[in-house]
Each structure stands twice: as structure tokens, then as C-alpha cells.
2 protein chains.
Amino acid sequence: MANEIFICHNCPMTRTMATIGTKWKPIIIYTLGLKKQRFGLIHAKMELISKKILTEQLKELEEDGIVKREAFKEMPPRVEYSLTNKGLELLPILNMLTEWNAKHQQGQ
Amino acid sequence: MANEIFICHNCPMTRTMATIGTKWKPIIIYTLGLKKQRFGLIHAKMELISKKILTEQLKELEEDGIVKREAFKEMPPRVEYSLTNKGLELLPILNMLTEWNAKHQQGQ
DNA sequence: AATAGTGGATACCTTTTTGTAACTAATATG
DNA sequence: CATATTAGTTACAAAAAGGTATCCACTATT
């Protein structure tokens, strides 16, 4: 029975959660969708997130190669975000999650 | 452009996150998998989670109809957890997430 | 009689996450 | 000259999440 136990760090789900397992990241990715969007618009769409958190989460997503950031040397600043291929591949999976959720929500 | 903005509470992804968007829930569901398992085994498999949190997350998953709990009137107690149909439907989607993650992890 | 075994509950404390408000840079407009 | 504009940053405060240790119930074993 000992070998039924695996170490979490080797658990694929745990590793996946380490990348996208936060409250906001899946929502940011879903909000970005197929479009290239400015920081301000993303922030407006997501309403409840603070600028600080959005900035920070976008930065992590960029570091993980999920989001692409393009800053234009203008004033006032303009920064556009979009999903990389890696991020785009996540989109259909996230859509399946929302469909799963919608399907099971009649009870409410 | 105003109608490009949607309210987060009506955002399908936000609603989905409200159900399974925590650090531990996807891992618990993934760990349960197709098997019916006792509390102690789940806890051992997940190593880094405390009993308190595991209990609490399992209770929420049960309330959301994702996990089924069977308690046997024995001493010492025996409690078996398994996924409901709703939970089972999540499994292939979570697997796609781990595959996505594995695919993109060469860079590390 | 003492101890092990299991799935919790509880009180308490620490860490992590999130939010708020004010401030900045460089240009354009009134 | 004052003000608006945008994408942050920073210091500070609050809230949420998570962890630790201890205790319990009841039976079986030593």
C-alpha cells in the first residue's frame, strides 16, 4: 500500500496548480481570450480585481510564458496584453470548465 | 466599447472559480480519481495538506455535490470519499490541464 | 490500566493574499 | 499653468487561508 502514496511535488495536478492555481489567473486568461487588450480594459472588464493584483498576476503569467506583454514608449503609457500559444491552448480547457459548471448549476 | 465590459459575477469563469478555484480542490478531486478512498489515505497521499484543511475542503466539495461522503458507524471511525457524477465529469478536464502543463514544462 | 487507531473539532497563531490610497512620468489640451 | 491620461509602484491595512497542537469518541490489544 505504500506505493499507493505519491509525493505531491510529483503530482501532476499539484504542479499544474503551481502555475495557474490562483483565484485570478484563470479568469485573466479567460478575459484575455483571443484578443490583444490594454491593461485598462482588462482591469475594467474584471471589475473586482485591484490594479496592484492585476499587474502582479499579469507579470507572473508573462514569466510563465502564458501572456505576452507589449509596452509602447508613449505618454500616457500604453501596454497591450495577449495570450501566447501556450496560453491559447489553455482556452478551450477553461471553456470546458465553465461548461461543466453551467451544466450543473440548475440546482441553484 | 461599453458593452465590451461585462460584470464579473456574470462571467462564467468567475462563477466556476467560485466552486473549484482554490489551491486544494482540484488536487483533491484529482487524487480521489475513480477510487473510493478513506480519509486517512487521501491525507497521506496529499502529504502537505493539514487534516483541518482537508476536512474543510472535502466538506465544501460535498456541499457542492462533487464529492460523496460515506461514514461507517465503527470505532475507530471509517469514512470513505468518492467523486459523484458531477465530480467524475471534472476528471478528464483536470487531466487535460495536467497534460497542458506537462507539455510546456520542457523549458525547466 | 495503558495505548493505538481514525476522523474529526477546536483554539490559537502564522503566512499569504488581497485591497486601498496616494504618487509618478511625459505629453496634450484647455 | 493646471489638469487629464495610463500603467504602474509603494507603503500600509485588512482579510483570507493555512498550519499546529491538543482533545475526543469507542473499541481492541498488550
Side-chain angles (χ1 to χ4, degrees), chain A residues 1-2 4-5 8-9 11 13-14 17-28 31-32 35-64 67-82, chain B residues 1-2 4-5 7-9 11 13-14 17-29 31-32 35-64 67-82:
Chain A
M1 176 162 292
E4 249 209 274
I5 297 176
C8 267
H9 301 94
C11 164
M13 197 73 234
T14 301
M17 284 299 104
T19 307
I20 51 162
T22 71
K23 177 181 174 184
W24 289 114
K25 282 178 185 171
I27 302 176
I28 294 173
T31 301
L32 269 174
K35 291 172 273 181
K36 178 183 292 187
Q37 295 176 69
R38 295 185 64 169
F39 179 86
L41 181 57
I42 302 169
H43 186 233
K45 285 185 175 181
M46 295 189 57
E47 257 212 337
L48 297 169
I49 199 174
S50 67
K51 282 202 300 180
K52 179 190 152 201
I53 298 298
L54 180 56
T55 302
E56 166 184 313
Q57 299 287 302
L58 281 167
K59 191 181 297 177
E60 288 180 16
L61 286 169
E62 193 198 354
E63 285 165 5
D64 285 328
V67 155
K68 181 181 172 198
R69 177 182 188 272
E70 291 176 272
F72 299 84
K73 295 192 196 317
E74 303 174 0
M75 196 54 65
R78 174 161 63 105
V79 180
E80 294 182 343
Y81 290 93
S82 56
Chain B
M1 175 162 295
E4 251 209 274
I5 298 176
I7 308 303
C8 268
H9 300 95
C11 165
M13 197 73 234
T14 301
M17 285 299 105
T19 307
I20 51 162
T22 70
K23 177 181 175 186
W24 290 115
K25 281 179 186 172
I27 303 177
I28 294 174
I29 295 165
T31 301
L32 269 175
K35 291 172 274 182
K36 180 183 291 189
Q37 295 176 67
R38 294 184 64 167
F39 179 86
L41 181 56
I42 302 169
H43 186 235
K45 286 186 175 182
M46 295 188 59
E47 258 213 336
L48 298 169
I49 199 174
S50 66
K51 280 201 302 180
K52 178 190 154 199
I53 298 297
L54 180 55
T55 303
E56 166 185 313
Q57 300 286 303
L58 282 167
K59 192 181 296 177
E60 288 179 17
L61 286 169
E62 193 196 354
E63 285 165 6
D64 285 329
V67 157
K68 180 181 171 197
R69 178 182 189 274
E70 292 175 272
F72 298 84
K73 296 193 196 317
E74 301 174 1
M75 195 57 61
R78 175 163 62 107
V79 180
E80 294 182 343
Y81 291 93
S82 56

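Here is the naming used below: chain letters follow the sequence lines, and residue numbers restart at 1 for every chain.
Residue A:Ile49 contributes atom CD1, which lies 14 Å from atom C1' of D:dA7 at whole-angstrom precision. For the pair B:Met17 CE and D:dA17 C1', the interatomic distance rounds to 17 Å; values are reported in whole Å. Taking atom CG of residue A:Leu54 and atom P of nucleotide C:dT18, one finds them 12 Å apart after rounding to whole Å. At whole-Å resolution of the value, CD1 in B:Ile53 and P in C:dA9 are 13 Å apart. In this structure, the CG atom of B:Leu48 is 17 Å from the P atom of C:dT15, given to the nearest Å. Here C:dT18 presents its C1' atom at 13 Å from CD1 of A:Ile27, a figure rounded to the nearest Å. Distance NE2 (A:His43) to P (D:dT6): 13 Å, rounded to an integer number of Å. Note: CD (A:Gln57) to P (D:dG8) measures 14 Å, nearest angstrom.
B:Phe72 comes within 4.0 angstrom of no nucleic acid atom, judged by non-hydrogen atoms across all strands. The residue B:Thr55 sits close only to the backbone: its heavy atoms come under 4.0 Å of sugar-phosphate atoms, none of a base. Note on A:Lys59: only backbone sugar-phosphate atoms sit closer than 4.0 angstrom, heavy atoms only; bases stay farther off. Using a 4.0 Å heavy-atom cutoff across all strands shown, B:Lys23 reaches sugar-phosphate atoms only and no base atom.
Across C:dG19, C:dG8, C:dT6, the shortest atom-to-atom separation from the side chain of B:Pro77 is found for C:dT6. Relative to the side chain of B:Lys51, the nucleotides D:dG18, D:dG8, C:dG8 differ in distance, and C:dG8 lies closest.
No donor-acceptor pair closer than 3.5 Å links the side chain of B:His43 to the backbone N or O of B:Leu54. Side-chain N or O atoms of B:Gln57 include none that pairs as donor or acceptor with a backbone N or O of B:Lys23 at under 3.5 Å. Within the 3.5 Å criterion, the main-chain N or O of B:Tyr81 finds no donor-acceptor partner in the side chain of B:Gln37.
Both B:Lys52 and A:Met75 sit near DNA chain D, but only A:Met75 has its closest nucleotide nearer the 5' end. When each of B:Pro76 and A:Val79 is assigned the nucleotide of DNA chain D with its nearest heavy atom, A:Val79 is the one assigned upstream, toward the 5' end.
Contact check on A:Arg78 versus A:Glu70 returns no salt bridge, with no Lys/Arg side-chain nitrogen under 4.0 Å from an Asp/Glu carboxylate oxygen.
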- Query: Step by step, would you call A:Lys68 with A:Glu80 a salt bridge (Lys or Arg N to Asp or Glu O under 4.0 Å)?
  - Reply: CA-CA 8 Å; A:Lys68 181 181 172 198; A:Glu80 294 182 343; over 6 Å; no
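Contact check, A:Arg69 against D:dG8: a side-chain N or O comes under 4.0 Å of OP1 or OP2. OP1 and OP2 of C:dG8 both lie 4.0 Å or more from every side-chain N or O belonging to B:Arg38.
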